[in-house]
Engineer: 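Sharing a structure with you now.
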Amino acid sequence: MSELTGSAVRTRRLVLYGAATVVGRCRTFVRGVLADWAWPAPEHPGGPTAGERDAAVEDVLLLVSEAVTNAVRHGGGPTELVLRLCRRGPDSAPARAGDLRIEVSDVSREFPSVRTPTLRGVPGGYGLMMMNLLAERWGVVPRRGGKTVWFEVAAPCQARGAPSPAGCVPGPEPFGKPEPFGK
């Protein structure tokens, strides 16, 4: 695990190997990082309720589970998990301060595709549907030796135009024009 910090983005990485317990390891890692970063935001007047904050964390954990499981089942196994937190600052547009970008890399060059679930009650076919519903944006980037599936999750904010003490500033929905995260 490592943390990189810059003027606008905090980053944590977890190198992955094996498939037996990787989903649970990733969930534990993400939960710890989010707690360390106090994401989505500490409680404050006018901010998200405790229930809204807990729900946002659970949504992120669900998306991480899906992305890592897809890397195990369809991508030859995950190789790295990266979390990026956009911090408040002049160069934080178009991403809002407090927004997350999570990346899961694997060894397959085959891009995921949305597929229709086949049988009720049978696992499979729901991961990218959930990604479409819960993530602000998601995508795939080819890289040497495989690909990286990424998704972005907005920090829950209070009423538009009222910045929180934690730096959560309501902004354009969704993230605006695709640009490097945090720039």
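Since we're looking at a predicted model, the values are computed, not measured.
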Engineer: Ring of Y17, cation from R25 - is the NZ or CZ under 6.0 Å from the centre and inside 45° of the axis?
Structural biologist: yes
Engineer: Just verifying a value: how many Å separate M131 CE and R137 CZ, rounded to the nearest 0.5 Å?
Structural biologist: 13.5 Å
Engineer: Sequence neighbours excluded, which residues qualify as side-chain contact (heavy atoms from CB on, under 4.5 Å) partners of V104?
Structural biologist: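 Partners of V104 by the side-chain contact (heavy atoms from CB on, under 4.5 Å) criterion, ordered by chain and then number, come out as A67, V68, A71, P78, L81.
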Engineer: Specify the closest pair of heavy atoms between W150 and V140, including all atoms of both residues, with the distance to one decimal.
Structural biologist: NE1-N, 3.7 Å
Engineer: Apart from V82 itself, what residues make up its hydrophobic cluster, given side-chain heavy atom links below 4.5 Å?
Structural biologist: none
Engineer: So, using salt bridge (Lys or Arg N to Asp or Glu O under 4.0 Å) as the criterion, who are the partners of R53 when residues are at least two apart?
Structural biologist: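 In terms of salt bridge (Lys or Arg N to Asp or Glu O under 4.0 Å), with neighbours along the sequence ignored, R53 is linked to E43.
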Engineer: Shared ILVMFWY cluster between F111 and V149, side chains joined below 4.5 angstrom?
Structural biologist: yes
Engineer: Sequence neighbours excluded, which residues qualify as side-chain contact (heavy atoms from CB on, under 4.5 Å) partners of N132?
Structural biologist: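 side-chain contact (heavy atoms from CB on, under 4.5 Å) list for N132, sorted by chain: V114, W138.
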Engineer: Checking the side chain of D99 only, and the main-chain atoms of A155 only, is there a donor and an acceptor separated by less than 3.5 Å?
Structural biologist: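 Checked: pair present.
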Engineer: Look only at the side chain of T21 and the backbone of G24, and say whether a donor-acceptor pair between them is shorter than 3.5 Å.
Structural biologist: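 Judged by distance alone, no pair lies under 3.5 Å.
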Engineer: Tell me, please, which residues at least two apart from S105 pass side-chain contact (heavy atoms from CB on, under 4.5 Å).
Structural biologist: T79, E80, R143, T148
Engineer: Rounded to the nearest 0.5 Å, what separation is found between the CG atom of L85 and the OG1 atom of T11?
Structural biologist: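 One gets 9.0 Å once the value is rounded to the nearest 0.5 Å.
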Engineer: What's the spacing between D36 CG and R31 CZ if we round to 0.5 Å?
Structural biologist: 14.5 Å
Engineer: Within this structure, what is the CG-CG distance for the pair N70 and L128, rounded to the nearest 0.5 Å?
Structural biologist: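 Those atoms lie 6.0 Å apart.
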Engineer: Going by salt bridge (Lys or Arg N to Asp or Glu O under 4.0 Å), name the residues that satisfy it together with E110, two or more places apart in sequence or in a different chain.
Structural biologist: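 E110 satisfies salt bridge (Lys or Arg N to Asp or Glu O under 4.0 Å) with no other residue.
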Engineer: Identify every side-chain donor-acceptor pair in residues 59-66 under 3.5 Å, counting partners at least two apart or on other chains, and give the distances.
Structural biologist:
unit_1: S65; atom_1: OG; unit_2: R27; atom_2: NH1; d: 2.9
unit_1: S65; atom_1: OG; unit_2: L61; atom_2: O; d: 3.0

